[in-house]
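One structure below.
Lettering of chains follows the sequences in order, A, B, ..., and the numbering in each one begins at 1. Everything numeric in this text was worked out from a predicted model, so none of it was measured.
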Amino acid sequence: MHLKLETHGTIAHLIFDRKDSSANIFDRDVLAELDQQLDGIPKCSKLTALIISSNKPNIFIAGADLKILSTATGEELENLISLGQSVFSKLESLHITTIAAIHGACVGGGLELALACDYRVVSEAQCSRIGLPETQLGILPAWGGSTRLPALIGLSKALPLILSGKIMKPKLALRKGIVDGICPQQHLISYASSFANRQMRQLPVHMLEHNPLTVSLIRKQAQDSLYKKTRGLYPALNRAVDVVCTGVRVSKQESFDNEREAIIELSQAPKQPN
Amino acid sequence: MLYIYQCTRTAFTKMGGAMDHLNAADIGKSAVSSLLTNAAIDPALIDEVIMGCVCQPADSANIARVIALRSGIPESVTAATVHRNCASGMEAITTAYERMHADHGQLFVVGGCESMSNTPVLYRKSAVQKFAKLARARSPLAKLTAALQFRPKDFNPLIGLRLGLTDPFTGINMGQTAEILAREYEISRVEQDAFAVNSHNKALNYQQSLNQEISPVYTRGKAIDSDDGIRADSSVEKLANLKPVFEKNTGSVTAGNSSQITDGAAVLLVGSIRMKELGLEPVGRLRGYAYAGCDPSRMGLGPLFAMQKLFKETGFSLAQADIIEINEAFAAQALACIKLSDSEVLAKKAGLDSKLGEIPLDKLNRRGGAIALGHPVGATGARLVLTALDQLRESQQQHALTTLCIGGGQGAALWIERLT
């Protein structure tokens with residue numbers, strides 16, 4: 001049991017608290033358990049919102065279990081990535097408003113989970129950090145991060161964040177539009193609850209950025225500047241440009257498939273952590 | 001011992017209000033002139049003028065000297081400006097005490113003045129450098145090139161008042177320090193709003209007494225002779241509609257339950273007992289004082305630390321005080337002091353040795369506090385001593401404790417005794 005589901009009135013509260021560990025990370029067990037918990041929610045008709053938070057002092061969710069990622073064989077990896085994608089999609093398609101209440105590190109898979117929620121609020125504490133550092137490890141965000149981040153904040157802002165793997169402080173994440181609000185840690189859950197009455201989020205259209213012409217311009221520019229920096233030596237970065245830029249023009253499912261294909265290819269190549 | 005012979009203050013008026021066109025020196029001058037008129041002494045007998053001022057105006061460096069000369073005090077009398085943030089007015093009083101005990105004078109004009117309406121708005125360094133370049137450019141082409149260097153953000157000014165109310169060490173605003181206290185010691189919005197309404201109501205009830213503290217400022221054919229921040233229509237329901245200022249999403253500190261930003265001055269004539277020879281009659285004396293340091297991000301607890309030190313050094317206790325004046329910088333901060341003072345657990349959590357005792361609400365800020373009257377930072381310390389003395393006179397009681405929190409993490413506490 002790594003998850004706890006509590007219900008307060010019409011608001012469900014899902015708390016990550018990995019057993020016998022100081023950090024919350026995603027492995028097969030946790031994903032399966034999350035899947036199971038999410039299955040139970042539609043049956044409860046009085047619920048209007050779901051808040052996701054962590055019980056660890058300094059960590060929201062630190063991402064996927066890297067040991068498994070680096071040792072898994074092709075098929076195992078494919079299953080793990082597919083499982084993650086389907087669980088996060090299930091979360092995204094819940095009929096109620098979902099809110100990630102983030103205190104502590106929310107990186108990699110942690111942020112991908114948060115991105116699948118409608119709203120994200122974050123505590124102003126020193127330990128709160130937000131980012132997708134996957135490309136720094138020679139892979140790319142493949143649980144929907146490469147698809148959902150650009151859909152939320154636009155390609156021109158999302159691509160540099162994914163390519164640099166920048167870990168942001170709450171204020172910067174707020175400016176970038178990744179989180180919806182900042183508050184002191186003590187008020188985090190009550191502030192998250194104040195989002196419960198909002199409608200589920202309608203994602204912006206980003207017509208100016210996501211039309212074929214702008215996308216190809218952004219892709220070209222990113223590729224050129226990457227080549228200048230890396231001389232084409234870091235395949236993860238090039239694949240990320242490819243997946244992210246293609247992702248904004250195709251359906252979500254197609255983009256997820258691209259993510260999956262890319263991460264499998266990158267993990268099987270000889271390791272080149274940047 | 002330092003004896004207090006005379007005291008008076010100007011009305012406290014809201015920023016941008018009745019005294020908007022007067023700078024801190026004008027307001028201070030008006031107060032000192034009134035003080036000298038009331039005292040009816042030869043200004044040449046004064047040994048020094050000591051004034052507190054937090055946002056010292058750029059055109060009145062050493063504002064105490066400017067005030068002294070413009071009030072008709074002779075050139076030979078020295079003047080010094082002191083600064084201890086919100087306690088600058090108290091710092092002026094205790095500096096006089098120290099001067100006197102070092103045999104540097106017997107009679108002092110002390111106090112504080114502030115014009116928060118006139119705190120400067122500043123150019124950024126980037127703009128200043130570009131102005132310098134422009135000034136150095138000689139040929140028309142060089143001038144044009146220099147002028148083209150300017151960018152819109154160069155003209156985005158720095159607000160002096162905001163900078164002044166932010167602690168540079170922790171980088172947080174005074175209001176945020178109050179938010180921290182409200183969170184840590186669970187002081188609710190309703191409690192804060194009720195405290196604020198109470199402050200207005202008290203000031204309203206005692207408006208006549210407050211007016212007796214005031215000497216009018218004559219300007220533009222009018223006399224400004226009463227505080228203008230007091231609201232007769234304040235209610236908890238109305239205050240509940242205000243949005244938090246410092247933590248917009250989840251905060252509880254609003255403009256309504258914080259001290260007002262105000263212009264004003266308060267001054268006292270103090271000196272040794274020998275000054276009775278001049279025909280002056282002392283109204284009170286300073287029995288002891290203490291300044292203490294604390295966490296800058298919880299500066300609102302400063303009064304507790306200062307009181308603890310004062311009680312330890314002088315042997316006085318909270319129970320002996322007939323009148324207690326705690327500056328209401330923020331309702332959350334004042335309430336935190338009241339709450340912690342009477343709770344052993346919370347006092348220890350805050351870092352005090354033990355609890356200090358109950359602060360009875362009927363003795364506290366009887367004429368209202370800075371939430372109703374305003375907090376012209378440099379002058380408030382002196383106002384607290386002045387109002388405490390006047391309350392002692394009115395109620396024929398003996399002892400008053402005046403204390404305030406100081407931005408940057410300090411507290412000040414002065415013990416005042418009435419003389420009959």
Side-chain angles (χ1 to χ4, degrees), chain A residues 8-9 11 13 49 51-54 57-58 60 97-104 106 114 117-130 152 168-199 201, chain B residues 152-153 156 162-163 166-193 240-254 257-258 295-301 330-333 335-336 339-340 343 345-346 349-350:
Chain A
H8 305 283
I11 300 176
H13 190 170
I51 296 174
I52 300 180
S53 70
S54 151
N58 294 320
F60 176 67
T97 309
T98 49
I99 306 127
I102 303 163
H103 168 71
C106 169
C117 294
D118 292 311
Y119 301 99
R120 287 149 292 280
V121 294
V122 55
S123 86
E124 64 189 11
Q126 277 295 323
C127 60
S128 288
R129 289 287 188 278
I130 285 165
L152 179 68
M168 290 167 281
K169 289 185 183 175
K171 271 192 183 158
L172 181 60
L174 182 70
R175 273 210 300 280
K176 298 270 184 200
I178 300 173
V179 301
D180 299 286
I182 302 179
C183 71
Q185 190 201 343
Q186 288 98 323
H187 294 157
L188 188 61
I189 300 302
S190 66
Y191 182 44
S193 309
S194 71
F195 282 74
N197 299 330
R198 297 202 190 183
Q199 297 292 313
R201 191 188 206 106
Chain B
K153 78 162 191 242
N156 181 13
R162 190 185 298 156
L163 296 178
T166 304
D167 172 42
F169 184 74
T170 52
I172 61 175
N173 187 295
M174 291 306 126
Q176 287 168 306
T177 70
E179 288 282 9
I180 292 177
L181 296 182
R183 278 204 303 277
E184 284 182 354
Y185 301 106
E186 291 169 1
I187 295 157
S188 71
R189 169 78 184 265
V190 179
E191 279 176 88
Q192 294 177 42
D193 287 348
N241 294 330
L242 295 175
K243 291 221 159 62
V245 181
F246 305 99
E247 270 177 29
K248 298 212 161 33
N249 297 330
T250 56
S252 57
V253 176
T254 66
N257 60 36
S258 307
D295 176 3
S297 56
R298 291 169 185 78
M299 66 94 203
L301 300 180
F330 300 94
Q333 165 268 329
L335 283 166
K339 198 167 179 177
L340 267 65
S343 157
V345 180
L346 294 180
K349 182 182 164 198

Quick one: does B:E247's side chain get under 4.5 Å of A:E124's, heavy atoms only?
yes
Taking atom CD of B:E179 and atom NE2 of A:H187, what is their separation to the nearest 0.5 Å?
7.5 Å
Once you round to the nearest 0.5 Å, how far does OG1 of B:T250 lie from CD1 of A:I189?
12.0 Å
Using a 6.0 Å cut-off, check whether atom NZ of B:K339 has over 12 heavy atoms from anything other than its own residue.
yes
Interatomic distance, B:N249 atom CG to A:Y191 atom OH [nearest 0.5 angstrom]:
3.0 Å
Does B:K349 NZ have over 12 foreign heavy atoms under 6.0 Å away?
yes
